Asks: 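The structure is given below, and queries will be raised subsequently.
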Protein chains: 2
Amino acid sequence: MRIGELAQATGTKAETIRYYERAGILPAADRTDSNYRDYSDEHLATLTFVRRARALGFSMAQVRELLALSDHDDKPCENVDQLVRQQLSEVDSKIADLTALREELGQLLQSCEADRIGDCRIVESLSASRARP
Amino acid sequence: MRIGELAQATGTKAETIRYYERAGILPAADRTDSNYRDYSDEHLATLTFVRRARALGFSMAQVRELLALSDHDDKPCENVDQLVRQQLSEVDSKIADLTALREELGQLLQSCEADRIGDCRIVESLSASRARP
DNA sequence: ATGCACCTTGTAGCAGCTACAAGGTCAAGC
DNA sequence: GCTTGACCTTGTAGCTGCTACAAGGTGCAT
Ligand SMILES: [Zn+2]
Ligand SMILES: [Zn+2]
Ligand SMILES: [Zn+2]
Ligand SMILES: [Zn+2]
């Protein structure tokens with residue numbers, strides 16, 4: 001299949017696919033006589049894997065690791081599980097950060113009882129550190 | 001004060017401060033005879049504002065808006081509040097996304113009962129779409 | 001023959017820094 | 001007086017994960 005079909009099949013832009021090749025995430029495809037990339041079903045499977053892993057928040061580096069691991073059917077899957085656990089804990093900590101942020105933003109919003117910027121507690125709170133009366 | 005002191009005082013790297021100047025976030029400082037940047041207390045206040053806003057997740061563009069707004073004491077603070085509300089809702093939607101991710105990763109983790117990668121459901125689930133028996 | 005959709009490469013851009021390199025300045029210590 | 005070292009200056013390039021061109025080649029229908 002050509003790059004456009006693969007793109008369609010995986011919901012990826014052709015430019016992104018070429019980028020993955022450059023980045024060493026997706027192996028280079030064969031070429032037709034007219035130098036078009038010619039992808040196999042295996043490429044399709046790999047790209048699907050990549051997209052799914054990316055959608056789950058794995059970094060390119062992690063995806064590379066996952067791909068390398070998934071090539072070794074006979075090895076223990078401990079390392080795979082480990083990567084997933086790691087990603088899970090990163091997501092957890094991002095959620096925690098954002099939740100704290102959310103809290104602060106909420107308090108900011110509530111703090112405004114003024115009508116003009118000169119009296120606005122929001123602006124005040126942004127300028128100074130959070131010490132408030 | 002020189003850039004190093006300002007950096008220290010605000011927990012910002014000197015290189016970042018220069019970047020903010022280039023990016024039009026922080027006004028250019030005066031220069032000493034030897035061409036060193038010489039910052040005022042107002043710069044300190046502005047940079048504090050900027051860092052706080054950035055820490056709250058506002059983009060550079062939003063910070064620029066906030067700075068512009070905070071310059072106009074007499075204008076209504078509605079626009080400030082609006083920016084905060086917008087940021088709050090962006091944070092909310094990121095939290096929602098990450099929570100969904102977290103859920104999927106958790107299920108992935110639970111799905112593994114194998115010892116070797118060839119049988120690992122995690123690898124399987126990453127490859128195919130989520131249709132599972 | 002002409003149009004059009006597709007493909008190719010290469011390059012540059014986005015955010016928000018960070019990390020050099022190559023050099024100038026200033027105070028302290030000997 | 002001179003060196004050492006901490007600071008400062010500019011400029012440029014790198015990071016992540018794409019995305020968007022531009023300039024040209026190919027394949028097929030009309
Ligand atoms: Zn208000
Ligand atoms: Zn207000
Ligand atoms: Zn396992
Ligand atoms: Zn497993």
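Residue numbers start from 1 in every chain, and the chains themselves are labelled A, B, ... in the order their sequence lines are given, proteins ahead of strands. Note that the coordinates shown come from a computational prediction; the quantities given were computed from them, not determined experimentally. Values reported hereafter were calculated over all heavy atoms of this structure, with side chains retained and with hydrogens, waters and symmetry mates removed.
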Asks: Counting only heavy atoms not in D41(A) (residues, nucleotides, ligands), do more than 12 fall under 6.0 Å from its CG?
Replies: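 Open: at most 12 neighbouring heavy atoms sit under 6.0 Å from CG of D41(A).
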
Asks: Counting only side-chain heavy atoms from C-beta out, which of dC18(D), dC17(C), dC6(C) sits nearest to R54(B)?
Replies: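 So the nucleotide nearest the side chain must be dC17(C).
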
Asks: Tell me if a side-chain donor or acceptor on R52(A) pairs with a main-chain N or O of S125(B) at a distance below 3.5 Å.
Replies: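 Judged by distance alone, yes, a pair lies under 3.5 Å.
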
Asks: Out of curiosity, E5(B) CD to I3(B) CD1, how far, rounded to the nearest 0.5 Å?
Replies: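 If I round to the nearest 0.5 Å, the distance is 11.0 Å.
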
Asks: Could you give the CE-to-C1' distance, from M60(A) to dC15(D), as a whole number of Å?
Replies: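 Going from M60(A) (CE) to dC15(D) (C1'), I get 13 Å.
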
Asks: Given L69(A) and I117(B), is the side-chain contact (heavy atoms from CB on, under 4.5 Å) satisfied, shown in steps?
Replies: CA-CA 8 Å; L69(A) 287 170; I117(B) 284 175; 4.0 Å; yes

Asks: Check the pair H43(B), M1(B) against side-chain contact (heavy atoms from CB on, under 4.5 Å), reporting the backbone distance first and the verdict last.
Replies: CA-CA 10 Å; H43(B) 282 102; M1(B) 64 201 320; over 6 Å; no

Asks: Which whole-number value in Å describes the distance from I3(B) CD1 to dT18(C) C1'?
Replies: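 These atoms are roughly 14 Å apart.
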
Asks: Could you tell me whether a side-chain N or O of R54(A) sits under 3.5 Å from a main-chain N or O of F58(A), the two making a donor and an acceptor?
Replies: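 Yes; judged by distance alone, with no hydrogens or angles, the pair exists.
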
Asks: Sort out for me which residue in T16(B), T10(B), T12(B) forms a side chain to side chain donor-acceptor pair (under 3.5 Å) with R51(B).
Replies: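 Result for side chain to side chain donor-acceptor pair (under 3.5 Å) with R51(B): T12(B).
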
Asks: Just one of Q87(A), Q86(A), R85(A) clears the side-chain contact (heavy atoms from CB on, under 4.5 Å) bar with L83(A), so which one?
Replies: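 Result for side-chain contact (heavy atoms from CB on, under 4.5 Å) with L83(A): Q86(A).
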
Asks: Please give the angle, rounded to 10 degrees, between the axes at the start and the end of the helix from dA1(C)-dT30(D) to dC30(C)-dG1(D), where five pairs define each axis.
Replies: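 Inter-axis angle at the ends, rounded: 30°.
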
Asks: Please list residues of residues 13-39 of chain A whose heavy atoms come under 4.0 Å from any atom in DNA chain D, ordered by number; otherwise none.
Replies: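 Of all residues in residues 13-39 of chain A, the ones placing a heavy atom under 4.0 Å from DNA chain D are K13(A), E15(A), T16(A), Y19(A), Y20(A), S34(A), Y36(A).
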
Asks: Could you state the CZ-P distance from F58(A) to dT16(D), rounded to the nearest angstrom?
Replies: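 One finds 18 Å between P of dT16(D) and CZ of F58(A), rounded.
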
